[in-house]
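Quick notes on the structure that follows.
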Amino acid sequence: MDKPNDLMDKLVSLCKRRGFIFQSSEIYGGLNGCWDYGPLGVELKRNVKNLWWRDMVTSRDDMVGLDASIIMNPKVWEASGHVGGFADPMIDCKKCKGRFRADQLYYAVREGQSRQGGSASVWFSAIADKVEDASAVMELQLKKKGRQIREWTNDFELVRYDQEQSEQAPCPACDEKGSLTVPRAFNLMFKTHCGAMEDSSSVTYLRPETAQGIFVNFKNVLDTQRLKLPFGIAQIGKAFRNEINPRNYTFRSREFEMMEVEYFCHPSQADQWYQYWRKARFDWYVNLGLRSDRLRLRDHEKDELAHYAKSCVDIEYAFPFGVSELEGVANRTDFDLKRHQEYSGRDMSYYDDQTKERFLPYVIEPSAGVDRSVLAFLCEAYTEDEAPDDKGLPQKRVLMRLHPKLAPIKVAVFPLVKKDRMQEIAHKIHEQLKGRWNAFYDEKGAVGRRYRRQDEAGTPFCITVDGQTLEDQTVTIRDRDSLAQDRVSCDRIVDYLSEHLGN
RNA sequence: GCGGGCGUAGCUCAAUGGUAGAGCAUCGGCCUUCCAAGCCGACUAUGUGGGUUCGAUUCCCAUCGCCCGCUCCA
């Protein structure tokens, strides 16, 4: 059995070798957290998105699509809570999950005597805008602690937060010692400027999630599409987060693509739709080939929930580098619509003319990472087995066992050798197929080598024109996974593929 | 962000303070009637920028990138 990282190394190597995924700007040394999809990768990724769109939008009556701009009015991100509280260097408490601005955190230490007579030093910390305020807060703390500590021998000196002292300093909220993290600039949004002037009035952001584009268009969609609750708005698009630490190949990238649904419903029905979507989304992955024993649903603990969510579940996949999130399904309540109503002054409510009720809908959000799905499908597909060589001896074979619906190339067409009109017939078959499927033609080198190349690309079927074709108009169709070959009449090829590719 | 490791051809890996080598892959040719065959030939590399040195791929510094651990993921 491979060690996990061996598997990732092999996958990364294959993805580069065959043209699935390249490092962004590679000739300039790359760019951390950014990746390019090559000729095979772009087909795979597009298949993932098209299947999602078909399953979530066009095959349903209760869903419509949207494509909002990436750069939006900066007020959107104030309303959503993405700017404001998160713009400054922040310190977290690992115990109570409190979060504090580093420039508002003050420390002091005092030496004293314990009741047993030994010396004692006690740290204080406080959150305050000004030193004087911090001092007052600490005096209050001192009175409390004075019950345990008898006598103080020196005045304390207030200092601003200093990283070297953070190990001894207590959390200003829960008083736990050494639980504070180092300060981090918490705003992960990419900042840019709209227009020629780069002043503060022109600051804009690249969206860190696609969801807000849907919320701010809620009324537009509602007014133009004659929709009734419950209904959903779906969007696929790029989002950007200036991650501190991109890791694990394409898993955590700074530029990435999301597939999101915001499903609007009556507040009383939110729980049942939440249950519906967590199952629907889990099954979607299973149906495209992810093994259910490598997938799991993990409910968020209360203290783990984001500020906007009432409940949230992660759909996680067991990647070689660890179990990690593919998608989150959250009950966002009416948080977003309420906030946008408040910040924009526009009415965001829905009027039900059956019940004569006016209310803000609740929102269930299945939010999936396209790149993460693609990576999961790639990890799942990577397989090593043995296949015989031309002498019948077993040789190691690498294949990508991608679901036929996901495979970048659906079928490859080969003449067995470059002789006796085989190329001509193979070309004709290729011409006939390529309008309908992504089909690939190859005549170079030994046929065994061509088969193995397609195995690494994940191509489910290879059609070979051989000597018998000339006599009875049949070809062989080879199955990627079983290596079995069916002999099929030329005029049955399309039917055969339709049946086996499932579309 | 912190600590550690690493960076040589498309891939996997050698070697060296003084000419950088192999296997596989790729391309061309010959041959080939079903699973990485053979023969001939060809292309291709010391991440980037500085420094030390007569000379640096090798030593030093910086930077970029990758991997591992911690941290983090609103």
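These numbers come from a predicted model, not from an experiment. So you know, we letter chains A, B, ... as the sequences are listed, proteins then strands, and number each from 1.
- Screening residues 233-257 of chain A for ring pair (Phe, Tyr, Trp, His ring centres under 6.0 Å), with sequence neighbours left out, gives A:Trp35-A:Tyr249, A:Phe251-A:Phe319, A:Phe251-A:Phe321.
- Contact check on A:Glu257 versus A:Lys238 returns no salt bridge, with no Lys/Arg side-chain nitrogen under 4.0 Å from an Asp/Glu carboxylate oxygen.
- Between A:Glu26 and A:Lys16 a salt bridge is recorded (basic side-chain N to carboxylate O distance below 4.0 Å).
- Between A:Trp35 and A:Ile27, the residue whose closest nucleotide on RNA chain B is further toward the 5' end is A:Ile27.
- Atom CZ of A:Phe335 is separated from atom P of B:A74 by 14 Å (rounded to the nearest Å).
- With hydrogens and angles left out, the side-chain atoms of A:Asp472 and A:Thr474 include a donor and acceptor closer than 3.5 Å.
- Between B:A56 and B:U71, the distance separating the two C1' atoms is 38 Å to the nearest Å.
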(request) Sugar-phosphate atoms are those with a prime plus P, OP1 and OP2; base atoms are the rest. Using that split, label each nucleotide of nucleotides 28-36 of chain B B, S or - for protein heavy atoms under 4.0 Å, 5' to 3'. (result) S---BBBBB
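- Atom-to-atom, CZ of A:Arg254 to P of B:C73 comes out at 16 Å; the value is rounded to the nearest Å.
- Across B:G10 and B:A45, the matching P atoms stand 7 Å from one another, rounded to whole Å.
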Check the interface with nucleotides 6-11 of chain B: list each N/O to N/O pair with the protein under 3.5 Å, or write none.
from: B:G10; atom 1: O3'; to: A:Lys16; atom 2: NZ; distance (Å): 3.4
from: B:C11; atom 1: OP1; to: A:Lys16; atom 2: NZ; distance (Å): 2.7
from: B:C11; atom 1: O3'; to: A:Ser13; atom 2: OG; distance (Å): 3.4
from: B:C11; atom 1: O2'; to: A:Ser13; atom 2: OG; distance (Å): 3.4

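- Using cut-offs of 30° and 60° on the angle between ring planes, the pair A:Phe264 and A:Phe218 is tilted.
- For B:G18 and B:G41, the P atoms lie 31 Å apart once the distance is rounded to whole Å.
- Taking the C1' atom of each, B:G4 and B:C40 are spaced 49 Å apart, rounded to whole Å.
- A donor-acceptor contact closer than 3.5 angstrom links the side chains of A:Tyr285 and A:Glu327.
- Remark: side-chain polar atoms of A:Lys338 are not paired, donor with acceptor, to backbone N or O of A:Met348 under 3.5 angstrom.
- A straight line from CG of A:Leu31 to P of B:U48 spans 18 Å, rounded to a whole angstrom.
- Rounded to an integer number of Å, the gap from A:Arg247 CZ to B:G69 C1' is 8 Å.
- Separating the CD atom of A:Glu209 from the C1' atom of B:A74 is a distance of 10 Å, rounded to the nearest angstrom.
- The gap from the P atom of B:C67 to that of B:U26 amounts to 27 Å, rounded to the nearest Å.
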(message) Could you walk me through whether A:Lys75 and A:Tyr343 satisfy the side chain to side chain contact (heavy atoms under 4.5 Å, CB included) test, starting with their C-alpha distance in whole Å, then the side-chain angles of each, then the deciding distance to 0.1 Å, before giving a yes or no?
(response) CA-CA 8 Å; A:Lys75 291 207 173 77; A:Tyr343 278 69; 5.9 Å; no
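- Spacing between atom CZ of A:Arg241 and atom P of B:C73 amounts to 12 Å, rounded to whole angstrom units.
- In the model, A:Gln212 has a side-chain atom that pairs as donor or acceptor with a side-chain atom of A:Asp336 under 3.5 Å.
- Side chains of A:Asp486 and A:Tyr496: a donor-acceptor N/O pair is present below 3.5 angstrom, by distance only.
- Rounded to the nearest Å, the gap between the P atom of B:G51 and that of B:U57 is 13 Å.
- More than 12 heavy atoms of other shown residues, nucleotides or ligands fall within 6.0 angstrom of atom CZ in A:Arg17.
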(message) For Watson-Crick and G-U wobble pairs within 3.5 Å on both distances, what is RNA chain B written in dot-bracket notation, | included for inter-strand pairing?
(response) (((((((..((((....[..)))).(((((.......)))))....(((((..]....))))))))))))....
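- In this entry the distance linking CD of A:Gln23 with P of B:U48 reads 14 Å, nearest Å.
- Here B:C68 presents its P atom at 6 Å from CG of A:Asn248, a figure rounded to the nearest Å.
- The ring of A:Phe377 has its center no closer than 6.0 angstrom to the ring center of A:His403.
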List every contact pair, protein side and nucleotides 39-45 of chain B side both N or O, where the distance is under 3.5 Å.
none

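- Nucleotides B:C6 and B:C59 are separated by 10 Å at their P atoms, to the nearest Å.
- A side-chain contact (heavy atoms from CB on, under 4.5 Å) with A:Arg241 is found for one member of A:Arg207, A:Glu209, A:Met189, A:Arg254 and no other, namely A:Glu209.
- Residue-level contact check: A:Tyr249 touches the backbone only, with heavy atoms under 4.0 Å from sugar-phosphate atoms and none from bases.
- For A:Ser80, the side chain to side chain donor-acceptor pair (under 3.5 Å) criterion is met by A:His82, not counting sequence neighbours.
- Across B:A9 and B:C70, the matching C1' atoms stand 36 Å from one another, rounded to whole Å.
- A salt bridge is defined here as a Lys NZ or Arg NE, NH1 or NH2 lying under 4.0 Å from an Asp or Glu carboxylate O, and A:Glu431 with A:Lys434 meets this definition.
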